[in-house]
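In what follows, a single structure is set out as C-alpha cells and then discussed.
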Amino acid sequence: MTRVFNFGAGPAMLPTSVMEKAQREFLDFANLGAGLIEISHRSKEFEQVLDEADQLMIKLAAIPSNYKILYVHGGAQMQFSAVPLNLINRQPARKAAYVESGNFAKLAAKEAARYGNITTAASSAEFDYDRIPDFNPSALDADTSYVHITSNNTIYGTRWQQFPDTGNIPLVADMTSELLSRRLDISKFGVIFAGLQKNLGPSGLACVIIREDLLDLALPETPNLLNYKTYADQHSLANTNNTFAIYMMKLVLEWLDELGGLDVIEAQNEAKAALIYDVIDNSEFYVGAAHPAHRSVMNVTFNLADNSLLDSFLAGALERGLYALKGHRNVGGARASIYNAMPVAGCQTLADYMQEFERANS
Ligand SMILES: *Cc1c(COP(=O)(O)O)cnc(C)c1O
C-alpha cells in the first residue's frame, strides 16, 4: 500500500507513524487484551491518556497555569454556540463583537446572534475574504463581553499574522485550522478553540483552552454539556467523552513533541508553504487567491489563470498521489492544506508537479 499526500482540508492527514501506532494498539491497549475504545472512560488506562494529552498540550503550546484545557463534544461549530452561551453574559449588555474574515466567522456570528447583541467589528467581505480586515479594538464599547476572531481562514487561505490587543475584553479565537502550527502567546487570549480534525486528530471533538476567570459565566439556559464549567470541574468526563479522539490527539501530540515541538514545526511549516507560494509568485499561470501579506501557512489557495485547465490539473495531481487539492466552492481553484502532518516531501512533490504542469500547458 502507498499512502497519498493528502491535501484535504479536514478531516485531514495524520502522521503515518501515529496511524501505525494506533493500529498496533487497536486490539490490545497496554496489554489489557482489549482496545482503548472498548474500555471505560473512567478506567485508569484512559485517565492516563487524558492526563498525558493535557500535559503535552500544556508543554507544546506553553499554556499558562491559569488556563484549563477542555475536550468538548460537537467539533468546532458547536463552539459557535458554546462561546456565546458561556461568555455573552460577562457584561449585562450582552454584546459581542465578531471580526468577519470568512465563512466560519460569519457562521459563528450568526449562531451567537441567538443569545445577544452581535456586531461586526470589521469585515473583509468586500474583498471576498482574500485578507484579514483592518480591525481597531480601541473602537469597541467597554461593555463588550468578548471579541471573536478566526485566526486562520481555512477556506480562503488567510491568517492573522499578528493578533489584536483587546485589553480587558477577552479575545476568543477559532484556531481550528492552525492550533499548534506556530508559537503563540496564549495569555493574549481568553478562549482558544479548535476542532481536532485539521491539525490534532479525528473529527467531532473540540479542544478548548480557556482562562479560568471565564469559566463560570454561562447563561442559565446553557445545556450542561455545553457549559465550560461542567468540563472544567469534571476533567471533560461529565459523560462519556470521545475516548478515541482524545487518544489519537495524544499520539499526535507525542509525535509533535518528539519532532521538537512548535519551534521546529513552525519553521518546517513556513518552509513547506514557501515551496508552493514560490511557484505561484514566479508564474503567471497560477494566481494566488489570498493577499500576499495575509497568507496562511496551513492552507495555500490558488487558481489557474486559465480555469478550464483545472480539472486536468487535479486529475494529473491525483495520478501522482497528490490527493484532495480541489478548492472550496466559495473560492474555486485549488487548495493545498498543509497541516503539521504534511511532510516537506509532499509540498516539494506538489511544487514540482505545478511547474511541470505549467510547462506542459503553456
Ligand atoms: C473546519 C473548521 C470549522 C468547522 O469545524 P467542524 O468541526 O466541522 O464544526 C470551523 N472553523 C474553522 C476555522 C475551520 O477550519
Side-chain angles (χ1 to χ4, degrees), residues 6-14 70-85 96 98-112 114 123-125 129-133 146-161 163 171-182 184 189 191-209 223 225-226 231 236 241-242 244-246 248-249 252 269 273 289-290 294-301 324 326-331 335-342:
N6 178 359
F7 292 91
M13 72 178 292
L14 294 173
L70 320 175
Y71 305 97
V72 183
H73 302 285
Q77 291 197 49
M78 193 65 97
Q79 293 307 306
F80 297 175
S81 310
V83 164
L85 281 164
Y98 278 67
V99 178
E100 191 190 290
S101 57
N103 201 47
F104 287 120
K106 226 165 107 176
L107 288 173
K110 188 172 170 212
E111 200 56 36
R114 298 174 194 276
S123 172
S124 51
Y129 307 119
D130 75 346
R131 66 198 65 189
I132 302 296
Y146 65 91
V147 182
H148 177 283
I149 64 169
T150 313
S151 69
N152 183 82
N153 296 278
T154 323
I155 294 173
Y156 309 89
T158 64
R159 74 166 185 184
W160 292 74
Q161 310 297 336
F163 292 103
L171 181 60
V172 175
D174 176 357
M175 296 203 181
T176 297
S177 48
E178 72 151 353
L179 186 60
L180 296 186
S181 70
R182 57 168 156 166
L184 287 179
F189 299 88
V191 177
I192 291 168
F193 65 86
L196 300 192
Q197 72 273 25
K198 311 281 166 76
N199 225 2
L200 302 172
S203 59
L205 195 66
C207 177
V208 177
I209 300 167
L225 287 178
L226 282 184
Y231 286 82
S236 299
N241 210 320
N242 186 339
F244 192 60
I246 292 169
M248 290 299 290
M249 189 189 89
V252 170
N269 287 335
H294 300 255
R295 280 172 168 172
S296 167
V297 167
M298 294 280 97
N299 310 96
V300 179
T301 49
K326 195 171 163 57
H328 188 277
R329 59 189 178 279
N330 290 14
V331 178
R335 169 175 55 176
S337 295
I338 51 173
Y339 302 119
N340 287 352
M342 173 62 67

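Scope of the values below: all heavy atoms of this structure, side chains included, with no hydrogens, waters or symmetry mates. Atoms within a ligand are numbered from 1 in the order they appear, just like the ligands themselves.
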Exercise. Give a yes or no answer on whether the side chain of Arg335 reaches the backbone of Thr154 with a donor-acceptor pair at less than 3.5 Å.
Key: yes
Quiz item: Within the distance-only criterion (no hydrogens, no angle test), does the side chain of Thr158 pair as donor or acceptor with the backbone N or O of Ile132 below 3.5 angstrom?
Solution: no
Any chance the side chains of [X] and [Y] put a donor and an acceptor closer than 3.5 Å?
| X | Y | answer |
| --- | --- | --- |
| Asn330 | Tyr156 | yes |
| Ser236 | Asn241 | no |
| Ser181 | Asn340 | no |

Exercise. Kindly assign one of parallel, tilted or perpendicular to the pair Phe189 and Phe163, based on the angle between their ring planes and the thresholds 30° and 60°.
Key: perpendicular
Quiz item: Under a strict 4.0 Å criterion on non-hydrogen atoms, which protein residues are in contact with ligand 1?
Solution: Gly75, Ala76, Gln77, Phe80, Phe104, Thr150, Asn152, Thr154, Asp174, Thr176, Ser177, Gln197, Lys198
